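Input: a single structure, listed below in structure tokens.
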Amino acid sequence: MSTETMEHKAPGKGLRIAKGIGAGALALCLAGSLGLNVYQAQAQQKYAADMGAFITEQKDRWAKEAEQENAYQEDGYKVAGEYEIRSTTHISDAYKNGDDSQLSAEDKKTLEMAEAVLDEVVKDGMSNYEKELAVYRWMVANIGGRGSDGVIMRPGSNSSPFTPHDVLVSKNAVCVGYATTFRLFMNMLGMECHIVHNDYHSWDLVEVEKGQWYHVDVYSDAHGAEFANFNMTDEICRLGHNWDGSALPVADSVSHTPAVKNSVEVDGLLSIPGQFKKAMEERTAAAYYRFKTPLTEEEQNAAEFLAGVLSTAIDAMEDVYFQAVWYPGEDEAQILGLLVEYRDEEDEPESGFDADSPEGKAIIQAIAKAFDLDPALLGDAGDEPVEDEPVEDVIWNGTGSGSVVVE
């Protein structure tokens, strides 16, 4: 803050008084001069008072802004006014200390489930980045979008799991559930991790190496293109997220971004289509291309044209979604990222029940009859007719109470 000083110059007093002026006239002149000085003093006092009030008001405003910046709330904050971010530090500390005696029964179960995941995916000798990546891949594959059909909620879960316990039990989650579960894993592995949020969404900010922070939005990637929201810098994250970062660490390192870790060097733009098509045939979700020499502005325009034509070509494919993004690389290099979200039958979760079994056909026929539909529309090819009998007789011979409990 700079303070501007205003200089006020009093009117000049070099008045010439003509000779011969009387004492009375001189007295009147002096009285008038004194009155003028009193007026000036009052004006200056008012100016000083007004300026003081303005400065006090500004200081109060700045203090309130500073207080707001320092009042960023993580644990205890409710995203969408409903899903509370709850601390799990006691659970991660119990894991690191090897002592769960102070945990509740539910927290012990949470620790047990989380420890089983880490035992499965984390191997000796892994770097922090490799551990983080292993946890991220497990969560994308097993929680929510790809990990569960989510049609019937099993006992022990609720419709909107937002705590690590409910997430690991149900294999479903809202964004807060993804964020708090990922944070728990990172803390168990010895990495600092914050939950970033706005009024309607939350994700993570993890310190992979000392002073190197990255945004990770597992929720979005579990329901979209893998790696699209993994280890983002602030710059990349702000393309699709907004938050108050005044009380959070800056994420400006690119060392552990997918674009830098997985980029392939290419001679020029014309070598990209063939390589990208091969990557798609292998169902690669994200392909990154760096150039041997920095692109000129004209070449960058050509690269964006290439991405547009690729988008048109991919639009002809069913259930495939495409986007292209420029990523910052090391030494101010730019990396072209081509991201694909595959949405086809291979991604549909299996129900764990044989639709072609007699029980499956009986269910389909019962629903078709109730809704006056052709059974073929519901998946029954009709090659093995099943007698029209109550579905419950097929499943448990009529001894049940009319409801099915999924164990």
Side-chain angles (χ1 to χ4, degrees), residues 133 136-153 159-161 170-175 177-178 201 203 216-232 236-237 239-241 258-259 262-264 272-289 303-327 335-356 360 363-364 367-368 371 373-382:
L133 178 61
Y136 164 84
R137 282 178 163 161
W138 184 89
M139 290 188 65
V140 168
N142 291 280
I143 307 296
R146 298 181 178 91
S148 170
D149 56 19
V151 176
I152 296 179
M153 299 306 297
S159 59
S160 301
S170 69
K171 298 299 191 295
N172 278 280
V174 295
C175 65
Y178 279 96
H201 188 45
W203 62 97
V216 180
D217 187 349
V218 188
Y219 171 88
S220 293
D221 286 0
H223 299 81
E226 194 174 6
F227 296 116
N229 295 276
F230 176 68
N231 278 12
M232 300 175 287
I236 293 299
C237 191
L239 295 177
H241 302 71
N262 304 316
S263 61
V264 176
I272 291 178
Q275 292 191 40
F276 183 56
K277 180 60 167 62
K278 183 178 179 181
M280 288 188 64
E281 290 171 352
E282 297 172 353
R283 295 184 65 76
T284 300
Y288 304 96
Y289 301 98
E304 292 170 7
F305 175 74
L306 177 144
V309 177
L310 275 175
S311 179
T312 301
I314 293 172
D315 282 346
M317 305 170 65
E318 294 185 0
D319 299 321
V320 178
Y321 305 94
F322 168 85
Q323 61 175 318
V325 181
W326 283 113
Y327 289 91
I335 298 173
L336 180 61
L338 305 179
L339 312 180
V340 181
E341 178 185 352
Y342 301 95
R343 290 289 188 185
D344 54 27
E345 294 181 358
E346 293 184 23
D347 288 327
E348 293 299 325
E350 296 181 1
S351 67
F353 187 80
D354 184 4
D356 292 327
I363 290 173
I364 290 174
I367 294 175
F371 287 85
L373 296 172
D374 183 350
L377 294 175
L378 304 177
D380 184 4

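When a residue number appears, it is its place in the shown sequence, counting from 1. Everything numeric here is computed off the predicted structure, so don't read it as measured data. Keep in mind that the numbers below use all heavy atoms, side chains included, and drop hydrogens, waters and symmetry copies.
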[X] vs [Y] side-chain heavy atoms within contact, under 4.5 Å:
X: Val218; Y: Ile143; result: no
X: Gln323; Y: Glu341; result: no
X: Phe227; Y: Arg137; result: yes
X: Leu336; Y: Phe276; result: no
X: Asn229; Y: Trp203; result: no
X: Val140; Y: Phe230; result: no
X: Leu306; Y: Pro273; result: yes
X: His223; Y: Tyr178; result: yes

For residues Tyr219 and His201, report the shortest heavy-atom separation together with the two atoms involved. CD2-CE1, 3.8 Å

Where is the tightest heavy-atom contact between Asp217 and Ser220, given as atom of each residue plus distance?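 The answer is OD2-OG, 2.7 Å.
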
Please enumerate all residues that pass side chain to side chain contact (heavy atoms under 4.5 Å, CB included) together with [X], with sequence neighbours excluded.
X: Asn262; answer: Pro258, Tyr288
X: Glu281; answer: Lys277
X: Glu304; answer: Asn301, Trp326

So, Asn231 and Tyr136: side-chain donor and acceptor under 3.5 Å apart, yes or no? no

Heavy-atom donor-acceptor pair, Tyr342 side chain to Thr284 backbone, under 3.5 Å: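 The answer is yes, because a donor-acceptor pair under 3.5 Å joins these two groups.
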
For the side chain of Ser263 and the backbone of Ala259, is there at least one donor-acceptor N/O pair under 3.5 Å apart?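 Judged by distance alone, yes, a pair lies under 3.5 Å.
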
